[in-house]
Amino acid sequence: MRSDMYKVIVERPRTGAGWTKPGRQPREPDDRRACEGMRPRGRSRKWLNENLRPLQRWLERQAGRRWDAVYSELCKGVDRRNTVQQHIHEHLRDFVAVDVLEIGGRLCVARDWGGVVALADSRCDLYVDPRNGCLMRNEEAAADRARRRREHLLAVRAREAGWRKGVRRLDDTAQLHRVDGIWYRVELAPVPPPRPSKRKPGACVPVPAFDALLRDKVGSCAGKRCGLYGRCDVYARSKRQLSQAELIAYRLRNGDGPDPFDPRWTATRRERPRKCRGPLYFGEQHKEH
């Protein structure tokens, strides 16, 4: 067996330990310590870090072979008396699902804890197929992890862009809102400050302003505006429905469906097949063509 399958053990950086409760001091003076070390106990210890990537790469290259042959080759070059090599067997099941069962035409994994789970829910990248005894790649689990990564990336991008459900923020003065399934462009304006009252000296009267999105006058309560626009000092001065060209430009669609940035909708959406041009033939063709 080649040496590239062995894992690498390196020393971790030393870190300080937490506080430990001191024990009871002996009553007799003769039973106490004669000397005390300068370094506090438990302050720094040496730990080892395991690099299992070489073993994982070697197992991935064995995909398609019989598991009996792979395991025999693995045991042939592993010396159980060596701590590093013997530790390989302890981490082998972290990469290979050995106890795989076929239940109702579906492959499942029997784990030491958690009972029987589907193969797609297993963390192992490889598994032993019970039908042919070969080491196979867990394509379902890889696809599921890729889907979760895409969902997380879309959620992070939506959060960074300030997107919310049914809301798109363009700039400080313009936003896109979906009302009853229809997308509108909303122009924002600062709430006009109250003006002094002519009838009551020293009192202020709010300037009448109409919110086009809330369909109500801008009053003193800014809770609705803050939850809708993300700010309390602005109101919707005007709104207009987006055209089809604008919907395509902003990658939006009218309707009651989920938002395009919603990971559940993006992950399940199937891309339309692209048109492919057939091969081009030049020169003289055969009579039968």
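Keep in mind that this is a model prediction, so the values were computed, not measured.
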Chemist: Would you say V218 and L214 are hydrophobically clustered, going by side-chain heavy atoms of ILVMFWY under 4.5 Å?
Modeler: no
Chemist: Going through the checks in order, is the salt bridge (Lys or Arg N to Asp or Glu O under 4.0 Å) test met by R65 and E73?
Modeler: CA-CA 11 Å; R65 297 180 56 192; E73 184 178 351; 3.0 Å; yes
Chemist: Nearest 0.5 Å please: distance from the CG atom of L101 over to the SG atom of C108.
Modeler: 7.0 Å
Chemist: Kindly work out whether a path of hydrophobic side-chain contacts (I/L/V/M/F/W/Y, heavy atoms less than 4.5 Å apart) joins L170 to L228.
Modeler: no
Chemist: Checking the side chain of N254 only, and the main-chain atoms of W183 only, is there a donor and an acceptor separated by less than 3.5 Å?
Modeler: yes
Chemist: Please find the pair of heavy atoms, one from C124 and one from F95, that lie closest to each other, and give the distance.
Modeler: CB-O, 3.6 Å
Chemist: Checking side chain to side chain contact (heavy atoms under 4.5 Å, CB included) for the pair D121/E140: CA distance, chi angles, key distance, verdict?
Modeler: CA-CA 8 Å; D121 299 335; E140 297 182 3; over 6 Å; no
Chemist: Is the side chain of R225 donor-acceptor paired with the backbone N or O of V234 at a distance under 3.5 Å, no angle test?
Modeler: yes
Chemist: Minimum heavy-atom separation for A212 to S238, with atom names?
Modeler: CB-CA, 4.0 Å
Chemist: Given 3.5 Å as the limit, does a donor-acceptor pair link the side chain of E60 with the main chain of R57, or not?
Modeler: no
Chemist: Roughly how far, to the nearest 0.5 Å, is CD of Q56 from NE2 of H91?
Modeler: 12.5 Å
Chemist: Hey, what do you get for CG (L59) to CG (L74), rounding to the nearest 0.5 Å?
Modeler: 7.0 Å
Chemist: Report yes if some heavy atom in the side chain of W67 is under 4.5 Å from a heavy atom in the side chain of V98; otherwise report no.
Modeler: yes
Chemist: Is a donor on one side and an acceptor on the other found under 3.5 Å between the side chain of N138 and the backbone of A120?
Modeler: no
Chemist: Do the non-hydrogen side-chain atoms of V191 and C232 ever get within less than 4.5 Å of each other?
Modeler: no
Chemist: Please determine whether salt bridge (Lys or Arg N to Asp or Glu O under 4.0 Å) holds for the pair D256 and R178, giving the CA-CA distance in whole Å, both sets of side-chain angles, and the decisive distance to 0.1 Å.
Modeler: CA-CA 9 Å; D256 298 332; R178 184 173 62 177; over 6 Å; no
Chemist: If you count every heavy atom of other residues, nucleotides or ligands that lies below 6.0 Å from D171 atom CG, does the total exceed 12?
Modeler: yes
Chemist: Side-chain contact, heavy-atom cut-off 4.5 Å: V179 with L213?
Modeler: yes
Chemist: What I'd like to find out is whether the side chain of V186 reaches to under 4.5 Å of the side chain of R237, using heavy atoms alone.
Modeler: no
Chemist: For A236, does its backbone N or O pair with a side-chain atom of D211 as donor and acceptor, under 3.5 Å?
Modeler: yes
Chemist: Which atoms form the tightest heavy-atom contact between S122 and A97, and what is the distance?
Modeler: OG-CB, 4.4 Å
Chemist: Can you name the nearest heavy-atom pair linking Q62 to L135, along with the distance?
Modeler: O-CD2, 3.9 Å
Chemist: Drop me the distance from L55's CG to L92's CG, to the nearest 0.5 angstrom.
Modeler: 6.5 Å
Chemist: How about Y127 and V96: do any of their side-chain heavy atoms sit closer than 4.5 Å?
Modeler: no
Chemist: Is the shortest heavy-atom distance from the side chain of L188 to the side chain of D172 under 4.5 Å?
Modeler: no
Chemist: If we only count heavy atoms from C-beta on, is the L176 to V167 side-chain gap below 4.5 Å?
Modeler: no
Chemist: Can you check whether Y229's main-chain N or O pairs, donor with acceptor, with Q175's side chain at less than 3.5 Å?
Modeler: yes
Chemist: Please report the shortest heavy-atom distance between A118 and R106, naming the atom on each side.
Modeler: CB-NH2, 3.4 Å
Chemist: Taking atom CZ of R253 and atom CD1 of I248, what is their separation to the nearest 0.5 Å?
Modeler: 11.0 Å
Chemist: Run R123 and D94 through salt bridge (Lys or Arg N to Asp or Glu O under 4.0 Å) and show every step you take.
Modeler: CA-CA 8 Å; R123 298 181 180 180; D94 296 342; over 6 Å; no
Chemist: So, does R66 use its side chain to make a donor-acceptor pair with the main chain of N132 at under 3.5 Å?
Modeler: yes
Chemist: Does the salt bridge (Lys or Arg N to Asp or Glu O under 4.0 Å) test come out yes or no for R149 and E151, once each step is laid out?
Modeler: CA-CA 5 Å; R149 284 194 297 268; E151 292 179 0; over 6 Å; no
Chemist: Donor-acceptor pair, R137 side chain versus L126 backbone, under 3.5 Å?
Modeler: no
Chemist: K239 and Y184: which non-hydrogen atoms are nearest, and at how many Å?
Modeler: CD-CD2, 4.2 Å
Chemist: Between atom CZ of F210 and atom NZ of K217, what is the distance when rounded to the nearest 0.5 Å?
Modeler: 9.5 Å
